[in-house]
Amino acid sequence: MHLLLLIAQKEIKVALRERLVVVLGGIILLLLGVALYAGYLAYQQQQAIITQVQTEKRQEWLNQGDKHPHIAAHYGTFVFKPKTVLSLFDFGLDAYTGTSKYLEAHHPHEFMFRPAQDHSSMIRFGELSAALVLRILVPLLIIFLAFAAFTRERESGTLKLLVAQGVSFSTLTWGKILAYVTLLAAMLLPFLLGIVMLSLANTQQETIPDVVTRAVLLALVYGAYLFLFIAFSVWVSLRSSTGRNALLILLSGWIFLGILMPKTVANLSENFYALPSMREFKATIEQDKINGLDGKTPRSVRMATLEKEYLEKYEVDSVQQLPFNFEGVSMQAGEEYGNTIYDHHLRELRQIFHQQNRLGSLASLLNPIIAVQHLSMALSGTDMRTFIHFEEQAEDYRRNLVRKMNADMAENSQYGEFYGYKAGSDLWQQMEDFSYQTPTAWQLLQYYRLEVISLLLWTALALVLIHYTHRKAKPLYA
Amino acid sequence: MPRTSQLLIYYEWKMLIRNRFQLLMLAVTFLFGMYAIYYGQSEINAQRQTIRAVQALEQEEFSSYQASFTEEMETLEQEQTHDIASRPAYAWYRHGYHAILPPHDYAALTIGQRDLFRYYYRLTGMSLHYQLFENELANPVNLMVGNFDLSFVLVYLLPLLIIAFCYGLFSSEKENGTLPLLQMQPVSLRRIILVRLLFYFGLITELAFLLSLIGLFTSGNPLKGENLVPALAWLVGVLVYCAFWFGLLFLIISFRQSSAFNAITAVGCWLLLLIVVPAVLNVIVTVKYPLSSATLAGLTRRTGLENENDEEEARAVIQEFLAHKPELTGSDSLMKNDLLPKAYAAFTSLKDINNQQQVDRYNAQVAQRNAWTSHFHWLSPAVNMQEVLAHIAETDVNTFLQFQSALAGFHGEITDFYFTRLFWDKLIVSEDYAHLPAFEMPKDSHRWNTVWWGLGKIFLAAGGTFVFGFIKMKERAK
């Protein structure tokens with residue numbers, strides 16, 4: 001144990017003497033600071049704008065004056081996607097998912113306004129987030145720290161001396177790993193604490209119910225990831241004959257796993273599972289609304305069936321004799337049929353999204369960087385699943401709103417007199433303001449089992465590799 | 001060429017063909033390039049297919065209208081279709097025209113923003129802003145990851161290849177112990193390094209040219225009039241961009257440090273120029289010019305008159321609108337026929353007129369952001385190169401902003417076509433279908449300025465690094 005610490009101590013000293021490593025470490029620290037600060041500012045600014053617009057729209061809804069409930073449902077209202085506090089850590093898909101959705105009767109809209117569209121083309125190079133620094137830049141620092149861990153000793157001949165003095169390979173390896181882990185932990189701990197404090201300070205009126213759990217999980221995921229990178233770098237150094245080779249292998253691996261592979265996988269998924277265009281998507285929905293989902297029951301037939309059903313149920317001869325306004329009922333029936341059609345097509349569309357993203361999840365088994373990216377976005381509440389959950393909540397809210405308006409119309413107005421009846425702010429008040437909470441981290445992680453497995457497997461693999469190499473360490477005088 | 005240089009190149013060639021790893025890297029890059037060309041073309045072909053599909057939908061729509069002028073009226077549906085075809089009161093908000101931004105032949109080589117922005121719109125006479133902000137369907141994950149197109153291979157991967165081939169040109173001699181032998185030769189060391197660098201420059205630029213030519217020829221004939229200049233600009237771009245990276249490598253080598261130092265510095269530069277600089281600029285611009293399209297959401301609301309039965313209100317709205325469009329007055333029956341459709345048309349047009357200011361202000365803010373980032377393009381030749389390539393293939397953000405502003409003009413043409421008939425109480429006749437409004441994208445004269453300027457900046461960067469390296473190399477030689 002004493003020996004282990006001694007080796008770690010020596011390794012830290014050597015690392016700190018290396019000017020390039022210190023400079024690089026400094027730059028990365030600076031970038032991490034900038035990323036977190038900018039992320040926090042962006043979170044605050046966006047959140048302020050969204051809260052303000054949401055309040056405005058709520059006031060518009062409440063103060064829309066007296067009007068027929070169906071007209072109110074027609075003009076509708078809006079929901080806005082709140083920023084989660086952890087998005088200051090990982091922006092995830094925030095720039096590429098829409099930010100607002102118009103809720104009106106008859107037409108379920110898609111989310112509009114992708115923030116990336118408000119940027120120059122440069123946005124496609126990515127935005128600096130703390131997650132990006134940890135996922136791409138810190139590994140580079142690790143490579144520079146560790147590529148020469150063994151090769152330096154080998155090239156300068158000190159490895160022989162060490163082994164001759166009875167130091168086992170195992171102690172050497174773990175000592176070096178310990179040294180790098182300590183260095184990184186010392187570097188990153190202040191930021192980790194910063195994120196935790198920021199998240200805790202913003203827990204009220206927050207969309208994420210379990211910020212603390214998520215922050216801890218994020219720390220675990222990134223901790224495991226960075227450990228993995230250290231372990232592999234030291235292992236490669238152990239197995240390489242020269243520092244140059246070790247460096248080349250590590251750099252190629254890093255570029256392939258970090259830059260090339262994620263892009264290739266995403267692009268392949270696009271080739272495998274093609275999306276329809278919006279115009280065609282909408283056109284098929286319209287077509288189905290006219291002809292029915294089976295293509296054989298047009299709207300007139302559907303309406304006649306509904307009318308007959310009600311007349312028989314209430315045993316009356318005409319809709320005028322019904323104890324409520326049949327128009328409200330038929331309006332709602334039309335709405336619900338429209339929803340069924342929309343759900344049917346949306347399910348197909350989401351299926352394509354999921355198939356595309358599934359390929360990424362599968363690829364994460366081979367590539368821990370992809371695994372970490374997915375987990376990081378999920379835990380920050382900026383991933384695809386959270387967005388879809390949000391979309392569903394917004395759509396539920398819309399349907400609830402329309403249902404309420406149509407029910408009020410059926411209950412309180414007379415058949416045929418569309419403009420006779422006006423509802424007022426009492427009814428508008430009954431529709432509660434939209435508020436959103438993300439699923440909990442555990443619910444979300446259900447979707448990311450493959451990624452969790454990948455991270456565990458890779459960590460296990462790293463441990464096994466190091467262990468195995470010890471036992472079969474090549475003799476020095478081969 | 002002097003004999004010594006010939007000899008040097010000859011031996012370099014022998015070294016190259018003996019080095020399996022280097023050959024493998026060349027082959028892998030070539031294969032990635034081929035995949036990138038294939039991927040880009042499949043994406044753009046999918047877009048072309050969508051364009052054909054929406055055009056077919058439009059043609060189907062309009063031919064059914066035209067046919068209704070000659071057909072016998074038998075069914076209710078036929079009569080409805082004829083009403084929509086001939087009565088401007090229905091036609092103005094039903095007839096949909098597509099404004100399309102067809103892809104440039106070379107968009108397949110650099111997809112740019114074509115996946116993020118819409119390249120086709122279906123416009124009716126209804127409120128422009130209600131129709132303008134809908135997104136195209138896209139998987140946000142794939143949008144974030146970006147496209148694996150040829151420009152990605154050239155901008156991201158080519159520099160890595162250059163680094164891998166050149167980082168050890170000097171240092172490996174030192175590390176292999178051959179340096180003293182070289183120094184004993186009558187040829188100066190600088191010359192040796194330069195000739196060898198030139199050899200690899202030729203080799204890698206040839207590879208890049210080969211890929212580019214394959215891409216250019218398979219995506220569209222470069223000898224065709226409108227493709228010639230873009231194709232030439234593309235090749236010039238590849239040449240200066242390669243030159244820049246070789247200049248940078250020469251500069252790094254001229255410091256005469258170890259291989260590891262060179263590799264680390266070169267990869268560090270790559271990371272700085274391709275990831276850190278753009279990512280930092282993006283996050284700064286987000287914070288410096290906070291902007292949320294959530295504020296525009298209200299424009300997408302579908303609205304109507306407060307009370308559709310109130311003729312007084314309808315007249316007032318029409319009068320208000322006619323103040324903006326005096327040429328539509330003059331019909332005797334202006335306030336008698338089709339009062340409601342006229343009022344509705346007037347209402348949505350007024351809404352557009354009133355909202356245009358808000359949209360303009362917003363677009364100005366986006367333009368401000370773009371202007372700010374473009375000031376910093378010189379910081380990274382890689383960003384510059386990407387921008388140049390996107391401009392060549394018309395997939396840059398400006399093209400889409402111009403497209404969007406051209407839509408306003410086209411929408412004006414559509415409303416003029418229907419409103420003159422609606423407000424003058426004239427029917428749409430069969431002959432009118434020969435002069436329907438058609439969209440035309442205005443030519444952009446600034447595009448080529450941006451391209452040549454951008455290329456100039458990369459050329460300067462290449463020259464600068466080279467001269468600096470040349471001086472540095474000499475300094476040390478003394």
Side-chain angles (χ1 to χ4, degrees), chain A residues 20 31 34 38 41-42 45-46 49-50 53 74-75 78 80 93 96-100 102 104 110 112-114 116-128 132 136 140 144 243-244 247 251 255 262-264 266-267 270-271 274-281 283 353 356-357 384 419, chain B residues 39 42 46 50 53-54 57 112-113 116-117 122 133-137 139-148 156 160 259-261 263-264 267 271 275-276 278-283 286-287 290-297 300-303 307 309 366 369-370 373-374 383 387 390 396-397:
Chain A
L20 205 58
L31 285 175
V34 170
L41 283 184
Q45 288 169 347
Q46 293 300 317
I49 297 176
I50 285 168
V53 192
H74 237 291
Y75 298 163
F78 298 83
F80 299 91
L93 302 176
Y96 296 96
T97 53
T99 46
S100 63
Y102 175 32
E104 63 167 340
E110 302 303 314
M112 292 196 255
F113 301 112
R114 299 192 167 115
Q117 291 174 329
D118 308 331
H119 280 268
S120 71
S121 324
M122 203 198 278
I123 190 74
R124 305 307 283 277
F125 281 87
E127 281 179 285
L128 184 79
L132 180 85
I136 302 290
L140 191 70
F144 293 167
R244 200 179 137 176
L247 188 62
L251 284 179
I255 280 157
K263 217 176 189 116
T264 321
N267 282 220
E270 199 96 336
N271 281 348
L275 282 173
S277 70
M278 184 65 110
R279 174 80 172 93
E280 292 163 293
F281 179 67
F353 284 151
Q356 290 185 340
N357 297 342
M384 191 68 181
Y419 291 101
Chain B
Y39 169 76
S42 71
T50 301
V54 301
L57 281 170
Q113 307 290 83
L116 181 62
F117 283 86
R122 180 179 186 269
F133 297 113
E134 191 179 63
N135 280 323
E136 181 53 52
L137 293 175
N139 185 346
V141 177
N142 293 356
L143 284 182
M144 178 190 68
V145 175
N147 290 302
F148 198 110
Y156 279 78
L160 290 172
S259 291
F261 175 90
I264 290 176
V267 172
L271 200 67
I275 294 179
V276 176
V280 169
L281 286 176
N282 279 332
V283 79
T286 312
V287 174
L291 190 57
S292 173
S293 29
T295 52
L296 286 183
T300 62
R301 187 194 293 265
R302 192 201 298 268
T303 45
N307 190 345
N309 278 356
V366 176
R369 275 181 162 190
N370 287 349
T373 32
S374 64
V383 172
E387 202 62 28
D396 58 306
V397 87

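Contact annotation: the side chain of A:Asn267 approaches that of B:Asn147 to within less than 4.5 Å [non-hydrogen atoms, C-beta and beyond]. Contact check for A:Phe125 versus B:Ile275: no side-chain heavy atoms found under the 4.5 Å cut-off.
When heavy atoms are compared at a cutoff of 4.5 Å, B:Val141 approaches chain A by way of both its backbone and its side chain. Both the backbone and the side chain of A:Thr264 come within less than 4.5 Å of a heavy atom of chain B. Heavy atoms closer than 4.5 Å to chain A are found nowhere in B:Ala390, neither backbone nor side chain. Both the backbone and the side chain of B:Thr286 come within contact range of chain A, with heavy atoms under 4.5 Å apart. With a 4.5 Å cut-off on non-hydrogen atoms, A:Ala116 touches chain B through its backbone and its side chain both. Residue B:Glu387 touches chain A through its side chain alone, counting heavy-atom pairs closer than 4.5 Å. In this structure, the portion of A:Phe78 lying under 4.5 Å from any heavy atom of chain B is its side chain and not its backbone. For a residue to count as touching a neighbouring chain, one of its non-hydrogen atoms must lie under 4.5 Å from one of that chain's; by this rule A:Ile49 touches chain B with the side chain only. When heavy atoms are compared at a cutoff of 4.5 Å, A:Met122 approaches chain B by way of both its backbone and its side chain.
To the nearest 0.5 angstrom, B:Met144 atom CE is 11.0 Å from A:Met384 atom CE. Rounded to the nearest 0.5 angstrom, B:Phe148 CZ and A:Glu270 CD are separated by 14.5 Å. Rounding to the nearest 0.5 angstrom, the gap separating the CE atom in A:Met278 from the OG1 atom in B:Thr50 is 12.5 Å.
Here the side chain of A:Asp118 pairs no donor or acceptor atom with the backbone of B:Val366 at under 3.5 angstrom.
Using a 3.5 Å distance cut-off with no hydrogens or angles, the side chains of A:Ser277 and B:Glu136 do not pair a donor with an acceptor. A side-chain N or O of A:Asn357 and one of B:Asn139 form a donor-acceptor pair less than 3.5 Å apart.
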Inset, instruction - Step by step, work out the side chain to side chain contact (heavy atoms under 4.5 Å, CB included) result for B:Asn135 and A:Gln117. - result: CA-CA 10 Å; B:Asn135 280 323; A:Gln117 291 174 329; 3.5 Å; yes
Inset, instruction - Please lay out, stage by stage, how A:Leu247 and B:Ile264 fare under the test side chain to side chain contact (heavy atoms under 4.5 Å, CB included). - result: CA-CA 9 Å; A:Leu247 188 62; B:Ile264 290 176; 4.2 Å; yes
Inset, instruction - Go through the steps for A:Arg124 and B:Leu143 under the test side chain to side chain contact (heavy atoms under 4.5 Å, CB included), then give the verdict. - result: CA-CA 9 Å; A:Arg124 305 307 283 277; B:Leu143 284 182; 4.2 Å; yes
Inset, instruction - Mind running side chain to side chain donor-acceptor pair (under 3.5 Å) on A:Glu127 and B:Asn282 for me, showing each step along the way? - result: CA-CA 6 Å; A:Glu127 281 179 285; B:Asn282 279 332; over 6 Å; no
Inset, instruction - Determine, stepwise, if the pair B:Leu116 / A:Tyr96 fulfils side chain to side chain contact (heavy atoms under 4.5 Å, CB included). - result: CA-CA 8 Å; B:Leu116 181 62; A:Tyr96 296 96; 4.0 Å; yes
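When all heavy atoms of B:Leu137 and A:Pro276 are compared, the closest pair comes out as CD1-O, 3.7 Å. The nearest pair of heavy atoms linking A:Leu93 to B:Pro140 is CD2-O, 3.7 Å. Residues A:Leu132 and B:Ala279 share a closest heavy-atom pair of CD2-CB, 4.3 Å. Here the closest heavy-atom approach between residue B:Val145 and residue A:Pro262 is recorded as CG1-O, 3.7 Å.
Taking the ring axis of B:Tyr39 as reference, the NZ or CZ atom of A:Lys263 does not stay both within 45° of it and closer than 6.0 Å to the ring centre.
No other option in A:Val34, A:Leu251, A:Ile123 has as many heavy-atom pairs under 4.5 Å with chain B as A:Ile123. Ranked by heavy-atom pairs under 4.5 Å with chain B, the first of A:His119, A:Glu280, A:Gln46 is A:His119. Most heavy-atom pairs under 4.5 Å with chain A: of the set B:Val280, B:Val276, B:Val383, this distinction falls to B:Val383.
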